[in-house]
Each structure stands twice: as C-alpha cells, then as structure tokens.
Novice: 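A single structure is presented below for examination.
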Number of protein chains: 2
Amino acid sequence: MSGVEEREPAIGGGLSHRVPDLGALELLLAVARLGSLGAAARELGITQPAASSRIRSMERQLGVALVDRSPRGSRLTDAGALVTDWARRIVEAAEAFDAGAQALRVRRDSRLRVVASMTIAEYLLPGWLLALRAGRPDTAVSLHAGNSATVVERLLSDEADLGFVEGLTVPSGLDSVVIAHDHLIVVTAPGHVWARRRRPLEAAELAATPLILREKGSGTRQVLDAALGGLARPLIELSSTTAVKAAAVSGAGPAVLSELAVGEELALRRLVRVPVAGVSLARDLRAVWPTGHRPVGPARDLLSLTRS
Amino acid sequence: MSGVEEREPAIGGGLSHRVPDLGALELLLAVARLGSLGAAARELGITQPAASSRIRSMERQLGVALVDRSPRGSRLTDAGALVTDWARRIVEAAEAFDAGAQALRVRRDSRLRVVASMTIAEYLLPGWLLALRAGRPDTAVSLHAGNSATVVERLLSDEADLGFVEGLTVPSGLDSVVIAHDHLIVVTAPGHVWARRRRPLEAAELAATPLILREKGSGTRQVLDAALGGLARPLIELSSTTAVKAAAVSGAGPAVLSELAVGEELALRRLVRVPVAGVSLARDLRAVWPTGHRPVGPARDLLSLTRS
DNA sequence: CACCGCTCATAAAGACAGCTTATGCCCCCA
DNA sequence: TGGGGGCATAAGCTGTCTTTATGAGCGGTG
C-alpha cells in the first residue's frame, strides 16, 4: 500500500547545507547573464572579491566547477549551465514568495487592498503581483485570503478594494467579471489503468469510483459534488491540495484537483490527466467588487493584468 | 526590547534579504506538519530555542504572524498557511537542485553513471533522481550532460552506464527504449491573436510566420525544421530555452518550445498553447545503452522509474 | 614596448546571524 | 499539587560573509 500521509525522508537532513543560499543563486544567475563576476557583483551591490569568494565556495560545496574564469570574463561550464537552470527555478519560486509575502504584510495605508480565495491567492496572485510591481513599482498592495464569505464581507465593509473568488455563483451585492476559467481535472499516477484511457470517463463511472478528494465543504469538493449530483465517493478525504496531490502521485488512486495545482506534475508526467465527458467541472474565476464601485486606479491595473 | 529599525535594502535587488533562507523555510514546513516548534526543532536536529528564534525572526522579516503559539502546540495562521504553500514550492525546487547537483558531482566510483541530453537533464532527471534516492538511498549517481554525440561517445567508451536522448533517430551502436514523448508546442502570450484561435494552425501558416526560436543546431530547432521542411522563419533566435520563454511571455511573438519547459506557464496562463495540425512536432525521449549490454542493477532501477 | 583597462585571486580584519546552554513562565492533566 | 509538554528570553560562542587593500594575467593602444 502506498503511504497517503505526508512524510519526509527527514534523515540525511539539512537541505540548506547542500543547497547554496538564495544570495549565491542570484549571484550565479547574474554571472550567467552578465558574463563577468565583477559585473554581477556590481549589480548586486557587493564587491568583486565577495562575489568571487561566494562563487568559489558554491563550487566547493557542490563539488563541480560552475564558471570558466578568464582574464576577459567568465562563462558557465556545461555543468554550470545546468546548475544555473535549476537555480533559476528556486529563484523564481522565491520571487513568487516575496511578491505574495509583501502583499500579505498588513498595511492599512496600502493603496490597493485585495482579498482572494485560497486557491487564487496561492497559485495566481503572486504572479499577478510580480507583473503589477513590474508595471507600477510603487503600488503598495495588501492581501487577505479567505473563503467566499470573507471576500464578500471585506469588500462590503470597505476593507478591501478588489476581490477574487472561484465558484459557481456570484455573491449578491457584488459586481463581477470572469477573469479565467479553472477546470477541475481527474488525474492519476502514470501507472493507473485510467492513465492509458482514451475514451472519456462518464459521469456515472466517475461517481462510482472512489476518489482522493478534498474534504466536504472545500470549494473544489463543492464543484465536484454539484457536477455529480452530490454523489462523489471518497477513497480518502484530505485537508489540503498538497496532500491530495501527494497521495495521487504516490499511486493511491485517482484524484480530482484544480488544473492550477498540477501544471508541473502533468508536464513531468508525474500525474496523467484522465479525459472526462458529460460532466461540467469548470468553474469561473471572478474578480468582484461592491456593486457600483467600478475598480479604478491600481485596482483597475491589477484587474487588467489578470485578463491579459 | 531592542529596537528594530526597518532597513530598506536597495531597490529591486536583494531577494535574499526579503525571503527567509532555506533552513527557515524547511523549519516552517516542519512546524506546519508536526504542529509544534519543539517537535520541528527535534526533527531538524536543532534546539527548541533556535527554532523559536528562527520562526520569530522570519515573522519579523515578513511582517506577518505565521504561527499561533499556544501552550499546547503551534498551528499556522491563515497567512501562515499561504506562506507555507509558497515556501513549499521553494523547497521543492531546492530538492530538485540538490538531486541534480549531487549527481553532477564527478565520482568515478559512482555505481550508476548517467549521460543525458540537456533538456532531459534539466527538466526530468532531477525528479527521477529524487525518486531513485527514495527507493535506493545508497545508489551513487553521476550525471554528465551533453548533446546526442556526447551521449553516444560516453556510452560506447564505457564512461556511462545509461544514456537519455531526445531526437528523431536512434544513434547506431545503441539499443534503446522510448520512455516518453515530448511535444514541441506553439505558445503565445495570452494577448496574441493566436491565443484565441480554435482552428488549428496549418504547417504553411506556421512556416510563414516569424517565430521566437532556439538557435539553428539545437535539438528543438532541428525537430521544427524537419517538420516544416527546413522552412522555419525566425523572428529572433535565442540561445536558451529560458530566453525563448521569457520573450514569449513578454509578448514578443509566438514561440516553439518543448512542452516540458512550459508546464507551469501554461497552467498559470502566462502562455497559451496554440493548436497545430498536420505537423509532426513530437519527438521521442529514449533511454539508450550499448547494443547488447542490457541495463542491470541501478541502471535498470532508474530505467523502470522513468517508465512508471 | 610600455601603459592602461579590464578581468579575477588572495589576504586580513570586522560585522552579523544563528546556534547552544540555562533558565523561567504558562497551561493541562494525573 | 507536582510533572511534563510547550514556548520565550538571555548570554556567550562560532562561523560565514563582508569589505578594504593588493597582486597578477591578458589585450588593446599610443
């Protein structure tokens, strides 16, 4: 039986002792881009010896030469190019973290106060905020995440300027515009029989099969239950998207998840999408605001970003 | 209490000053999973005060309360749950980095020597190595990345036990098995006219449109040129997958890229896939080995992982 | 041919962050 | 009412990263 609970190897410990810190990774990216240790150092606001020493200690830590130094500059070695690409993914994740975290900081003077549902806050907002920051660097954004009820409440009590919800209905008292469509999709580990299936699943078949699901009451579960007429049969119920993903990847069974959550797993074939027919698993993602108060200023900027 | 002055580091740069380091993020994940600072500290092999201090300084850095302490344990706040999910993505990227970097370290005594093409080494191997490490923790792997010629050479000269190539043909002297199919896909930013297109592009149309492409000679470009009869028209030629992606996201035009490289961008709608008909942009990903030397031992383990 | 500008490396000294040990407070339960 | 789990605080130590100062290789240029 595959373990469904989330557990960690835990031994061998200390990822942070085997992976260079973010500063070093940023430095490596800068070196790759600029072709010079000194130029990279200047860009990051440190001295050239500091950069030199840091790259060197990173090479020692990894046991691989990353950079070919020459009196005319520095280029990545083959291994260095590979490492740099892996480093870039860490840095990108860190940028998303930073964008989200900065918005999360409570500042009542923020010019743009956003309230969003969990899924949107988790997967989409960091990217939007990065884009917003690129276009309007001085826009101060605050973010509050909650369920649909929270979103409505904060908008109507003027604690937020713009909201984002996923769901089947538009809360009353709010105007809205659909900014994207999220699809719940059925996924399995590549080994599952359904993974090779070409003929789409029918609703009845889906309803008859025990699935790995979020707990009753979650947005995801509500959409699925509505689509199947309340008949979804849980193989196991888990309380986070992450746990559901982990269970599905480990082969525990088919899972139903937002497409947003499994982009990478699908691309890497850790999960396979199972075609479904005759069941409407789409849900609209909507931007919402108090009726009559059309978004202006930064709220309008963000809104237009989300629809680009 | 010692006063903490808010020190605003130079604008734009210095991600590492605004994002907690990997050790802190790992600690946060452990706290989330175990529900206690002390338990998390024990798991990571540090003392409870160290964990307490570290979480606290992370909260100060982010300006957000992450953990609700109580005499009976600690639970994440709402904001903490969000931050933890963003942190998890950083840690996962770091795990992939670590798996790849460890294999990259040259060890002649490695029990399994792998040589792979760039795309496979970059996007797929780290995940496989993580899985291999989970199943066979003591397997020492070394990795060399190069082009197809390098793969053949190292296999035939017994410098590698198992190779991975992407491409149209099987190099002679090697046996192979197809482990996956990669598709080159046409993508554009969501604003592009093609983004709304439902009728598939025809070959002629694709060949007539200037595209953002990898340089001539790259594996990706070879497949495209072959599919179009050598007619691909570059809008601009870039030397890395990352640069092509960035150009496409910024709206410079349509790009042709491996599906592997754009999983996340598609899920987040930063890029949109444009349907294509009548052009074969698929390419096989193959595991290869010297004719007759069927993979055994760890090579066989890795091979079976890749096909799971 | 010697100089200048660029590159990177090395050495020594200071600043800071994080760890540990030691201790205290709070709450729950037996 | 004591024991145990949980967290916070204080003080001292250690290691890492930093800066300043300097040296050395390479290439173009007057």
Side-chain angles (χ1 to χ4, degrees), chain A residues 13-62 65-77 80 87, chain B residues 1-10 13-62 65-77 80 87:
Chain A
L15 199 54
S16 53
H17 296 121
R18 296 192 309 267
V19 177
D21 63 50
L22 278 171
L25 299 179
E26 280 189 281
L27 176 62
L28 179 62
L29 295 188
V31 171
R33 182 157 39 80
L34 300 171
S36 151
L37 290 186
R42 279 191 299 280
E43 180 173 276
L44 298 189
I46 61 177
T47 60
Q48 173 266 319
S52 178
S53 141
R54 221 164 173 187
I55 293 285
R56 181 166 297 283
S57 76
M58 181 159 41
E59 289 178 317
R60 223 182 26 231
Q61 182 181 18
L62 301 179
L66 301 174
V67 171
D68 258 342
R69 287 102 167 147
S70 90
R72 296 202 312 281
S74 297
R75 298 200 63 72
L76 294 178
T77 61
Chain B
M1 300 307 235
S2 55
V4 178
E5 50 187 20
E6 38 176 273
R7 187 172 47 131
E8 202 55 66
L15 201 53
S16 53
H17 296 124
R18 297 192 308 268
V19 177
D21 63 48
L22 277 171
L25 299 179
E26 283 189 281
L27 176 62
L28 179 62
L29 295 187
V31 171
R33 182 157 39 83
L34 300 172
S36 150
L37 291 187
R42 278 192 297 280
E43 180 174 275
L44 298 190
I46 61 177
T47 59
Q48 172 267 318
S52 178
S53 143
R54 215 157 180 195
I55 293 284
R56 181 167 297 283
S57 76
M58 181 157 45
E59 289 178 317
R60 220 181 33 222
Q61 181 180 21
L62 301 179
L66 301 174
V67 170
D68 259 341
R69 288 104 167 141
S70 89
R72 296 202 310 281
S74 297
R75 298 205 63 72
L76 294 178
T77 62

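In what follows, every heavy atom counts, from backbone to side chain, and hydrogens, waters and symmetry copies are set aside. Residue numbers start from 1 in every chain, and the chains themselves are labelled A, B, ... in the order their sequence lines are given, proteins ahead of strands.
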Novice: Remember a base hit wins even if backbone is also touched, and classify Ser36(A) as base, sugar-phosphate or nothing at under 4.0 Å, heavy atoms.
Specialist: sugar-phosphate
Novice: Answer with base, sugar-phosphate or nothing: what part of the nucleic acid does Thr47(A) contact at a heavy-atom distance below 4.0 Å?
Specialist: base
Novice: The side chain of Ser57(B) lies closest to which of these nucleotides: dG18(C), dC26(D), dT7(C)?
Specialist: dG18(C)
Novice: Would you mind reading off the distance between Leu37(B) atom CG and dG6(D) atom P, rounded to a whole angstrom?
Specialist: 10 Å
Novice: For Ala39(B), does its backbone N or O pair with a side-chain atom of Gln48(B) as donor and acceptor, under 3.5 Å?
Specialist: no
Novice: Could you tell me whether the side chain of Thr77(B) and the main chain of Ala65(B) form a donor-acceptor pair under 3.5 Å?
Specialist: yes
Novice: How long is the line joining CZ of Arg69(B) and C1' of dT9(D), in whole Å?
Specialist: 13 Å
Novice: Nearest-Å distance, CD (Gln61(B)) to P (dG18(C))?
Specialist: 8 Å
Novice: How do Pro71(A) and Ile46(A) order along DNA chain D: which one's closest nucleotide is nearer the 5' end?
Specialist: Ile46(A)
Novice: Taking 4.0 Å as the cut-off, does a side-chain nitrogen or oxygen of Ser70(A) come that near to OP1 or OP2 on dC8(C)?
Specialist: no
Novice: Please give, in whole Å, the distance from dT16(D) P to Arg56(A) CZ?
Specialist: 17 Å
Novice: For residues 66-76 of chain A, please give each side-chain donor-acceptor pair under 3.5 Å, one per line with the distance, not counting sequence neighbours.
Specialist:
residue  : atom : partner  : partner atom : Å
Arg69(A) : NH1  : Glu59(A) : OE1          : 3.0
Arg69(A) : NH1  : Glu59(A) : OE2          : 3.1
Arg69(A) : NH1  : Val67(A) : O            : 3.1
Arg69(A) : NH2  : Glu59(A) : OE1          : 2.9
Ser70(A) : OG   : Arg72(A) : N            : 2.9
Ser70(A) : OG   : Gly73(A) : N            : 3.3
Ser70(A) : OG   : Gly73(A) : O            : 3.1

Novice: Using whole Å, report how far CZ of Arg72(B) lies from P of dC27(C).
Specialist: 11 Å
Novice: Nearest-Å distance, CG (Leu44(B)) to P (dG18(C))?
Specialist: 15 Å
Novice: What's the closest nucleotide to the Ser52(A) side chain, out of dC26(D), dG5(D), dA9(C)?
Specialist: dA9(C)
Novice: Check the distance between dT18(D)'s P and Gln48(A)'s CD and give it to me in whole angstrom.
Specialist: 13 Å
Novice: Please work out if Asp21(B) contacts a base, only the sugar-phosphate, or nothing of the nucleic acid, heavy-atom cut-off 4.0 Å.
Specialist: sugar-phosphate
Novice: Distance-only, no hydrogens or angles: does the Glu43(B) side chain make a donor-acceptor pair with backbone N or O of Leu34(B) under 3.5 Å?
Specialist: no
Novice: Please report, rounded to the nearest Å, how far the P atom of dA8(D) is from the CZ atom of Arg54(B).
Specialist: 16 Å
Novice: Taking C-beta and beyond as the side chain, do Leu37(B) and Ile55(B) meet within less than 4.5 Å on heavy atoms?
Specialist: yes
Novice: Looking only at the side chain of Pro49(A) (C-beta and beyond, no hydrogens), which of the listed nucleotides dA22(C), dT18(D), dA9(C) gets closest?
Specialist: dA9(C)
